[in-house]
Amino acid sequence: MKRLREGGLLVCVMTRVITMYAAPPQDIVATQDIEKRVDALLKQMTVEEKLGQMSQSTAMASPISDEIKQQIRAGRWGSFLNAGSPADRREAQRIAMKESRLGIPLIFGRDVIHGYQTIFPIPLGQSASWDRDLISQAAREAALEATADGIHWAFAPMIDIARDPRWGRVAESLGEDPYLTSELGSAMIHGFQGSALNEATSLAACAKHFAGYGAAEGGRDYNSAWIPEILLRDVYLRPFQAAREAGVATFMTAFNTVNGVPATADPFLLREILRHEWKFDGVVVSDYEALTNLIAHGYATDARDAARRSLLAGVDMEMVSTAYFDHMKELLAANRVQMAEIDESVRNILRLKFRLGLFDGRRPSANQSNGNALTTAEKLATESVVLLKNKNSVLPLNPTIGRIAVIGPLADSPADQVGTWAMDADASRARTPLAALREMLGAGRVAYTPALRSSRDNSTAGFAEALRIASEADAVLLFLGEDAVLSGEARSRAFLNLPGAQEELVDKIVETGKPVIGIILAGRPLTFHKVAEKLDAVMYAWHPGAMGGPAIARLVFGQTIPSGKLTMSFPRTVGQVPIYYAHLSTGRPPVQEELGVPMGTPENPKDYTSRYIDVDFTPEYPFGYGLSYTTFRYSATRASKSQMTSSGAVTIEADIKNDGPRDADEIVQLYVNGPIGGSAARPVRELKGFERVHLKAGETKTVRFSVRRSDLAYYHGRMIFSAESGSYQAWVAPDAARGIPITLVVE
Ligand code: GLC
């Protein structure tokens, strides 16, 4: 979407800017030149050298062993991941280019997921900012830092749709919505890859995990995903198609099966969709040993079979496991694979290395990190925090307040606040909430005790001290949530409550009668209904990254204003999961008066509708929800016309008024549902546009979205992608639960 400004209006033109590799004419020459160079090199390569290019290792210790040096000379590896120091990488590259037979450069990959040395909020937190430009800037800063250390390839963005908070990897995701994930994932790709891949500060990005990983049954990591093709295309693949259109250089295959077929050997995903439909000509890398995991899947009989099936499916490079190098020659000899199939993968790998400029003297950039990284990290952390409750406007606290009590281990834990996938975090850059609050108010006005040794601690031994400082304070900042190790890969949780004795701690602290502000640091939506009822305010800060401390401190005391909005629906209880806003209505939707529990009695339920008899069917907090220190009033949604022709566009708009006391940002959302009368039931609403708008106190702005018929398209029937004729509804709304729709007839 392009945003055009017309005076006080914000006009959002919903056109998908296709930035394929077929770039402007001057680039076609470069592309043809690369293809010639690839062909010329390929002709010279032995089978071993080809298989070496298809092999990625993490086994480069520091300093590099003689064995690895010899292997590099022999062309045994085409890439290393998460390996060695910057000096080791320089030495390894020198050996590859100067001492191997063909001088083919190595490509160094790394999990640069949400920052390199400067860590930004976890991606789920970043997504709550809904700020394309800032998220792109953060990725750019990460690229500046990582390329200075000789990294060429970031295994990001993770764009798996996440609708199950039991899954630990929701922390790395951009939330539950395909459109938002598409927009923000593309912004990250542009940030990582910069204006041209062959620039010294550009990182090849990696769309992962292809595909359907977030649909793992039971929210259990690596588990099976059963996704009907219409849902696969309409929801799970959309962000990956957007990544392709954004020019992402690589894809990574997922660990899971999709409808029984492991994604790392699925020709439907890797050939039919990625190569034939989307015309992708970059590199597909497997996930870590995912190729030999085919054996455990019960899909491949042995490593040799796994190598054959992944190659034929379209996996170019094998991460860590060595089935390609170990077995491909036998498979060739047995005529079970063809050299042409190997050449196709090697061609993709060489093409990427040429595009990155690795053959043409690309050197680690002089660290051009312009010192903005920490500023960007604080701004993004600030915009990521979601204010969930603010009873009687207890926040912002008055800076003249006497003493505050800061309680909880997460208030002063740099390792936890940076969250999962922060392997290169420079801890000295992290500023904790406690440090920031003491700097802001003076240490004498800030009493602190962790009360618990970690978020998982069940001991109440530290409660007495917590009670003491709370009793002596004018307000309490109670830091709750999850240690970083409770989220991320292989960290699925069957319960979503606050771990350890945190709930008991809340009960004790609220007994003091002091104003208690809960600040939750976590890598996923948690369930804390009773806790939230007892607290005066609740801020959700995710794992906010290096500058989470100053961001939280300034928000609490009103120097900045919360603007974040949720990108995953928060369940009331884990029993509601999966829960997401873009669900179907069902034939017996619960009616609004059925909110609250109980409706009727178990012996005589009030109505036979799709709900629970023991909990309200709605989420605790809906997708798109977030409070501010001011209030925004939305006018009725308006449309430039009530009918949309096949090619025309309709402008959907509303006036947004800041009728509170503070200048602030508001994330305005456009939802559409429909059609009623099409060939399938459609979600009750789907996000189709959003904009952050800044409104001064008292100011009104009209936010307009220009909607084309193609923006409403979805898959139906025999995989037809179109917007069927019929009656649609549209809302300009503050979140997925509110707004009064208008009707739009699509002819
Ligand atoms: C891990 C993750 C993947 C990561 C890769 C390299 O298992 O699934 O996201 O990029 O291995 O560390």
Side-chain angles (χ1 to χ4, degrees), residues 55-61 77-84 89 106-116 119 122-124 139 142-143 146 151-162 167-174 181 185 188-189 192 203-216 219-225 236 239-240 243 248-258 262-264 269 282-294 296-297 310 315-322 419-425 484-485 487-492 523:
S55 303
Q56 180 184 63
S57 172
T58 188
M60 184 170 84
W77 306 107
S79 174
F80 286 93
L81 79 140
N82 299 341
R89 288 189 283 271
L106 298 164
I107 179 170
F108 294 109
R110 203 167 185 88
D111 287 294
V112 185
I113 309 300
H114 53 111
Y116 184 62
I119 301 298
I122 54 171
L124 185 59
I151 304 299
H152 307 125
W153 185 10
F155 298 136
M158 188 275 217
I159 47 180
D160 299 308
I161 293 301
W167 188 44
R169 303 199 76 167
V170 301
E172 307 165 55
S173 80
L174 295 166
T181 298
M188 282 185 172
I189 290 162
F192 283 129
L203 279 180
C206 183
K208 74 181 187 183
H209 304 80
F210 194 60
Y213 191 11
R220 189 152 49 86
D221 207 351
Y222 317 118
N223 204 4
S224 315
Y236 291 94
F240 289 94
V248 73
T250 69
F251 275 67
M252 183 186 293
T253 65
F255 287 116
N256 51 286
T257 53
V258 182
T264 303
L269 288 175
V283 168
V284 173
V285 64
S286 78
D287 202 338
Y288 200 108
E289 297 181 334
L291 198 144
T292 46
N293 287 171
L294 298 181
H297 273 295
S310 285
V315 176
D316 300 318
M317 186 181 281
E318 179 179 13
M319 183 187 286
V320 176
S321 52
T322 57
T420 187
W421 289 112
M423 63 175 70
D424 295 299
V485 294
S487 81
E489 184 174 355
R491 274 34 175 226
S492 297

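Everything quoted here is computed from the prediction, not taken from an experiment. Count residues from 1 along the sequence. Each ligand, and each atom within it, is numbered from 1 in the order the structure gives.
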Polar side-chain atom of H297 near backbone of F255 as donor-acceptor pair, under 3.5 Å
yes
With side-chain contact (heavy atoms from CB on, under 4.5 Å) as the criterion, how do H209 and R169 come out once you've worked through the C-alpha distance, each side chain's angles and the decisive distance to 0.1 Å?
CA-CA 11 Å; H209 304 80; R169 303 199 76 167; 3.5 Å; yes
Polar contacts were defined as any N/O atom of the residue lying under 3.5 Å from an N/O atom of the ligand; does this apply to Y213 and ligand 1?
no
Location of contacts on R110 toward ligand 1, heavy atoms closer than 4.0 Å:
neither
Is E489 close to W421 at the side-chain level, that is, under 4.5 Å between some pair of heavy atoms?
yes
Quick one: which ligand 1 atoms are inside 4.0 Å of a heavy atom on F255?
7 (O), 8 (O)
Give me the one residue out of D221, N256, D287 that meets side-chain hydrogen bond (donor to acceptor under 3.5 Å, both in side chains) with Y213.
D221
To the nearest 0.5 Å, tell me how far M317 CE sits from T250 OG1.
9.5 Å
N or O pair under 3.5 Å between W421 and ligand 1:
no
Compute the shortest N/O to N/O distance between E489 and ligand 1 and return yes if it is under 3.5 Å, no if not.
yes
W153, Y288, W77 screened by side-chain contact (heavy atoms from CB on, under 4.5 Å) with Q56, the one that passes:
W153
Within the distance-only criterion (no hydrogens, no angle test), does the side chain of R220 pair as donor or acceptor with the backbone N or O of W167 below 3.5 angstrom?
no
Within a distance under 4.0 Å of any heavy atom of F155, pick out the atoms of ligand 1 and give their elements.
10 (O)
Considering only heavy atoms of L81, which atoms of ligand 1 have at least one such atom less than 4.0 Å away?
6 (C)
Who's the nearest protein heavy-atom neighbour of atom 10 (O) of ligand 1, and how far?
D111 OD1, 2.5 Å
Under a 4.0 Å N-O cut-off, is there an ion pair linking D160 with K208?
no
K208 heavy atoms, cut-off 4.0 Å: which ligand 1 atoms fall inside?
3 (C), 4 (C), 9 (O), 10 (O)
At under 4.0 Å between heavy atoms, is it the side chain or the backbone of M158 that contacts ligand 1, or both, or neither?
neither
Distance filter under 4.0 Å to N82 heavy atoms, resulting ligand 1 atoms
12 (O)
At the 4.0 Å heavy-atom cut-off, does E172 count as touching ligand 1?
no
Evaluation steps, side-chain contact (heavy atoms from CB on, under 4.5 Å), between F251 and F240:
CA-CA 9 Å; F251 275 67; F240 289 94; 3.7 Å; yes
For atom 3 (C) of ligand 1, which protein heavy atom lies nearest, and how many Å away is it?
D287 OD1, 3.4 Å
Any idea which part of Y222 is under 4.0 Å from ligand 1, heavy-atom wise: side chain, backbone, both or neither?
neither
